[in-house]
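All remarks here apply to the structure that follows.
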Amino acid sequence: MRDLNSVSSARSMCALIGAASLGLCWIGSVSDARAQAATQLEEISVAGERVGSGRAGQGVGLLRDLPPPYAGGQIARGGSLGVLGTKDVLNTPFSTVNFTQQIIQDQQARTAADTLVNDASVRLTTASNGFSDEFVIRGFPVQAQDVGLNGLYGLVSSNRVAAQYIERIELLKGPGAFMYGIPPGGSVGGSINIVTKRALDLPFVQVTPQFIGAGNFGVHLDASTRAGENKEWGIRFNGLGRTGEATINDGNLQTGLGALSLDYQGERLRWALDAISQNDDTRNFRPQINFLSDIPFIPRPPNARSNWFPGTELRQRDNTIASFLEYDLTDWLTVYGGIGYRAGSNRQTFPDSRVFGISNGVDQFGNFRLINAFYDSYSSTVSGNAGAKARFDTGFVNHAMNLVFTGFSREDGYAYVANTPDESVPSNIYRPSPLPAVNGARIAPQRYADTTLTSVALADTMSVLDDTVLLTAGVRYQVVDQTGYDPSTQARTSGYNADATSPLAGIVVKPWKNVSLYANYAEGLTAGTVVGAGYSNAGAILAPFKSDQQEVGVKIDWGTVTTTAALFQISRPDLVQTAANALAYNGEQRNRGLELSAYGALLPSLRGFASATFLNPELTKPIDPLQRGNLAAGVPDLTVSAGLEWDTPWVPGLAVNGRVLYTSGSYLTSANTVRFPDWTRFDLGFRYASLVAGRPAVFRFNVENVADNRYWLTTGTFVTVAAPRTFVVSASFTF
């Protein structure tokens, strides 16, 4: 990539692509575009994210310029950490990865999950066209509802986050309760924060038609402009329409998405508003199923394009509005706040292999009893924060202090109407039976849980000796208030009110400017799980619990490549499904692991990333003493992710890329008697940037799961089959 100032003044700059990560800006005065691409065009980088705009009064933060991309452009130099503010990776006493818009778009991600698996510590328990995106980070589950939006929980879709409105994906590995407040779904393995797109200084309209799988066609529109004497007012809109069969036979995935962003960037005042509407209608969504816990071996996966629950239907609706404000009271003191509201609903058929009194799942030959139901649900959430951050000195010590209050309130409701066990039918995952009609009348969902999470936190990062030593200390007081209700009668069935004070400590020592040695200790209070339909204790609220993490690591910036290594330990109660089909705690699960990673530009024309996670997910205090020291169900002990992209020298504008994902086997149950096989997935693709009718255009072609491997995605006894070989083709035209 070349700096703009180095380009000869004899050449004129073409219209800039508004989202730089979508491609290249071409320069030249020759009228024939093909001749330009072959002989006279030069490639330059374009500031396609909101980095380095240089407007007065701006620093780096949620409503300001983002940390710039690192060499290669796929991962940023830093990101936000909630109460700890926005930090460079080398100044952060935690393991973080900040994926840029460039890698999201060049890999043609449809949701945030498609990008997050680039890190070996992240794996999915569901595949595309499923009910939702569910993650495992450092061996612990992270639900879709625990994905944050600009630092606030509960405001994105509880099923999946569409990639079209994402500017950055910020991944924090390890408990994030101190940084962002209590996660509503109880995640401790890590936290995911979505940074939404904002208007850029250069106006543009970009149209991207896309084709997926066996016949799913869609069009993405991205438009941006700024107005005002200093371009202080901005507006950006992202829209997506998509329909057709994607990766499941006789299925249909229909999506309508609109995301509007407004913002004001003044000298002292910054404001933004996000309005997002996401509507998905799916016929034949990718199912999950439960294996019997005592099977002697794992059945082989069926055809990944098949559906062992043929005829399922799923309608999902999510609407969000959120506003954020920052004001610089002085050059050293800023006050800020954010508040948002989300309303979501799901309407679905809910077939199940768990039939009370008859069967509790699939046997080793794929046989099970099939019962059908309607399972409709809703949730409404209000989430917000308010705080003040200051920078000041006390003698030779520099302080970055933050005081913040967070609040979260959500009402959940559902309606579950199922056939009786006598109305169940025999079926098989390889030869599925048609879904039996649900005999009961569909009813409107009613409230079954209220959850209120509040906290106040104070954190201070102290630096000395020109930032060669940084010490972070903080404390968060957290309160969990949960109430469960009978959806039929609205009678109160359960409730908890708990509080805890959680400390945080972290240190970074930089013996050289490019080397960081760090350590951290973090605690968090996690809200108890509200047990949903399908379990014998549905409606119960499990007790809140504490978790803790210890971590040490080293990060080295070699100039164009950064390498990291981290040793960590996380402990929390083990959540299991009992023989009586109840959801319950089973002592403690302690995950100890080693993470290794590298990312950046190996050569000017070669960029990439690689990471590996070695994990020991040990059961330290199980109810069954014979299982002490066993490995937790569904948690692999080795995962690897790696990818490369190469700009070919013989065709200007052409880049080829590849990615490999490896996951070792894991156990079906905590008894450690039956183990899932390991799996490897290969992806390949290319990207070509050129001019079409004098306008920038980028063509992309990706093949995911090139070998069409069949394998299980699992959290233990619950499994789904991975997506089959999938073709993704798109063309982006910028005006």
Side-chain angles (χ1 to χ4, degrees), residues 59-64 66-67 76 78-89 91-98 137 142 145-156 167-196 270 272 322 324-326 334-340 383-391 400-408 453-461 470 472-478 501-506 508 518 520-527 547 549 551:
V60 177
L62 174 63
L63 299 181
R64 317 181 192 191
L66 294 172
S80 63
L81 282 172
V83 69
L84 299 185
T86 299
K87 292 183 177 294
D88 184 275
V89 168
N91 294 336
T92 302
F94 296 93
S95 297
T96 62
V97 183
N98 303 279
I137 304 177
V142 176
Q145 63 178 308
D146 284 353
V147 176
L149 180 77
N150 296 323
L152 296 180
Y153 286 125
L155 299 182
V156 297
E167 188 163 285
R168 291 276 171 90
I169 303 175
E170 299 174 334
L171 170 65
L172 166 67
K173 290 178 275 186
F178 182 87
M179 273 65 82
Y180 295 105
I182 308 168
S187 303
V188 302
S191 63
I192 300 164
N193 184 52
I194 302 299
V195 180
T196 53
R270 294 168 297 281
F324 307 89
L325 183 74
E326 290 182 348
T334 298
V335 293
Y336 64 92
I339 189 168
S383 183
N385 64 11
K389 48 189 175 183
R391 289 186 174 274
M401 185 173 290
N402 199 339
L403 175 68
V404 63
F405 168 83
T406 64
F408 173 94
L453 311 172
T454 56
S455 69
V456 60
L458 177 66
D460 186 13
T461 297
L470 300 96
T472 298
V475 63
R476 184 182 287 268
Y477 176 70
Q478 307 175 89
T501 300
S502 304
L504 173 83
V508 175
Y518 73 92
N520 68 65
Y521 174 81
E523 286 185 3
L525 179 66
T526 298
S547 59
Q549 170 181 276
E551 179 180 356

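Note that this is a predicted model, so its numbers are computed, not measured. If you read the sequence from its start, that first residue is 1, and numbering goes on from there.
- With rounding to the nearest 0.5 Å, the separation of CG in Leu66 from CZ in Arg168 is 4.5 Å.
- Shortest non-hydrogen contact noted between Tyr477 and Thr501 is CD1-OG1, 3.5 Å.
- Side-chain contact between Thr96 and Lys87: absent, with no pair of heavy atoms (C-beta onward) separated by less than 4.5 Å.
- Here CZ of Phe94 is found 7.5 Å from CD of Gln549. Values are rounded to the nearest 0.5 Å.
- Using a 4.5 Å heavy-atom threshold, the side chains of Lys173 and Val97 count as touching.
- Residues Asn150 and Ile194 are not in side-chain contact: their nearest non-hydrogen atoms beyond the backbone lie 4.5 Å or more apart.
- Residues Ser455 and Phe408 form no side-chain contact, since every pair of their non-hydrogen atoms from C-beta on lies 4.5 Å or further apart.
- From Leu172, atom CG reaches atom OG of Ser80 across 10.0 Å, with rounding to the nearest 0.5 Å.
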Subject >> Test side chain to side chain contact (heavy atoms under 4.5 Å, CB included) applied to Arg270 and Phe324, step by step >> reply: CA-CA 8 Å; Arg270 294 168 297 281; Phe324 307 89; over 6 Å; no
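- Side chains of Ile192 and Ile137 form a contact here, defined as non-hydrogen atoms less than 4.5 Å apart.
- Side chain to side chain, Thr472 and Thr461 meet the donor-acceptor criterion of an N or O pair below 3.5 Å.
- For the pair Leu403 and Val456, the minimum side-chain heavy-atom distance is below 4.5 Å.
- A 4.5 Å side-chain heavy-atom check between Met179 and Ser191 finds every atom pair outside the cut-off.
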**OP:** Evaluate the side chain to side chain contact (heavy atoms under 4.5 Å, CB included) criterion for residues Val195 and Glu170: first the C-alpha distance (whole Å), next the side-chain angles of each, then the deciding distance (0.1 Å), finally the verdict.
**Re:** CA-CA 8 Å; Val195 180; Glu170 299 174 334; 3.7 Å; yes
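- Considering all non-hydrogen atoms of both residues, Val404 and Asn385 come closest at CG2-CB, 4.1 Å.
- Here the closest non-hydrogen pair linking Ala522 and Leu504 is CB-CD1, 3.7 Å.
- Residue Phe405 holds its CZ atom at 15.0 Å from CG of Leu458, rounded to the nearest 0.5 Å.
- Put simply, the side chain of Gln478 does not reach to within 4.5 Å of the side chain of Leu453, judged on heavy atoms.
- If you take CD1 on Ile182 and OG1 on Thr454, they are separated by 7.0 Å, rounding to the nearest 0.5 Å.
- The two atoms that bring Pro67 and Thr86 nearest to each other are CG-CG2, 3.6 Å, heavy atoms only.
- Checked by atom type and distance alone, the side chain of Arg476 pairs as donor or acceptor with a backbone atom of Phe178 at under 3.5 Å.
- For the atom pair CG (Asn193) and CG (Leu81), the distance works out to 9.5 Å, reported to the nearest 0.5 Å.
- The nearest pair of heavy atoms linking Tyr336 to Glu326 is CB-CG, 3.8 Å.
- Proximity of a side-chain donor or acceptor of Ser383 to a complementary backbone N or O of Tyr153 within less than 3.5 Å is detected.
- Remark: the backbone N or O of Pro93 is paired with a side-chain donor or acceptor of Asn520 at under 3.5 angstrom.
- If you check the side chains of Tyr180 and Asp146, you find no donor sitting under 3.5 Å from an acceptor.
- Residues Ala322 and Leu155 share a closest heavy-atom pair of CB-CD1, 4.0 Å.
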